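Let me begin by presenting the structure, written as structure tokens, before commenting on it.
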Amino acid sequence: MTVPALTPETRWRCTLCGNLTRFDVTRSLRVTEFLHFDLAGESEVEETEVHSETVESVRCRWCNAVDQVELVARPGAEDAAPAEGAEQG
């Protein structure tokens, strides 16, 4: 079961305890990374391109509920979006 994806206007909330801040998230990523190796063989990731990301599960850190999250609006998210019909300049 995949979990609803976050957006700039939303955040997760545990439906059992109300937690908004602490979650263990299991994700699958498909990425291409540019690695730079120094002469000693130590590497550093200099660029990362994410091709796909899937959130597989979310566990609430407060009550240990698994996959009991919903999307809720972030505070002030409705204020950040431009009003319909408002002129942009």
Side-chain angles (χ1 to χ4, degrees):
M1 176 180 152
T2 59
V3 178
L6 297 174
T7 68
E9 296 83 25
T10 61
R11 62 182 177 174
W12 288 324
R13 177 184 174 279
C14 178
T15 59
L16 296 181
C17 72
N19 171 30
L20 293 167
T21 60
R22 303 283 192 266
F23 300 97
D24 287 320
V25 179
T26 303
R27 302 182 298 159
S28 293
L29 293 170
R30 187 171 165 275
V31 300
T32 299
E33 293 179 330
F34 170 65
L35 299 175
H36 177 216
F37 290 86
D38 63 20
L39 296 177
E42 299 294 323
S43 67
E44 179 179 336
V45 177
E46 291 192 357
E47 294 177 16
T48 301
E49 180 183 352
V50 177
H51 301 286
S52 65
E53 177 179 5
T54 302
V55 177
E56 296 174 3
S57 69
V58 178
R59 181 178 63 85
C60 176
R61 273 285 178 116
W62 288 1
C63 70
N64 284 323
V66 178
D67 295 330
Q68 295 294 318
V69 296
E70 64 181 353
L71 286 180
V72 295
R74 289 181 192 238
E78 53 280 342
D79 297 336
E84 283 189 40
E87 289 185 26
Q88 296 182 4

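In this text, all values refer to a predicted model and were calculated from it rather than measured experimentally. Residue numbers count from 1 along this sequence.
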Separation between CG of Leu71 and CH2 of Trp12, rounded to the nearest 0.5 Å:
8.5 Å
Could you give the distance from SG (Cys63) to CZ (Arg22), rounded to the nearest 0.5 Å?
14.5 Å
Measure the CD-CG distance between Glu42 and Leu35 for me, rounded to the nearest 0.5 Å.
12.5 Å
Would Phe23 and Leu6 show up in the same hydrophobic cluster when neighbours are defined by side-chain heavy atoms closer than 4.5 Å?
yes
The reported gap from CG in Leu16 to CH2 in Trp62 (rounded to nearest 0.5 angstrom) is 13.0 Å
Just list the side-chain donor-acceptor pairs under 3.5 Å for residues 44-51, sequence neighbours left out, or say none.
{"from": "Glu46", "atom 1": "OE2", "to": "His36", "atom 2": "ND1", "distance (Å)": "3.0"}
{"from": "His51", "atom 1": "NE2", "to": "Thr32", "atom 2": "OG1", "distance (Å)": "2.5"}

Look only at the side chain of Arg59 and the backbone of Val66, and say whether a donor-acceptor pair between them is shorter than 3.5 Å.
no
Qualifying residues under salt bridge (Lys or Arg N to Asp or Glu O under 4.0 Å), relative to Glu70, sequence neighbours excluded:
Arg13
Pairwise side-chain contact, Gln68 with Cys17, heavy-atom cut-off 4.5 Å (strictly under)
no
Looking only at heavy atoms, which two atoms of Ser43 and Phe37 are closest? And how far apart?
CB-CE2, 3.3 Å
Determine the minimum heavy-atom distance between Leu20 and Arg11, stating which atoms define it.
CD1-NH2, 3.2 Å
Are Val55 and Thr26 side-chain neighbours, meaning at least one heavy-atom pair lies under 4.5 Å?
no
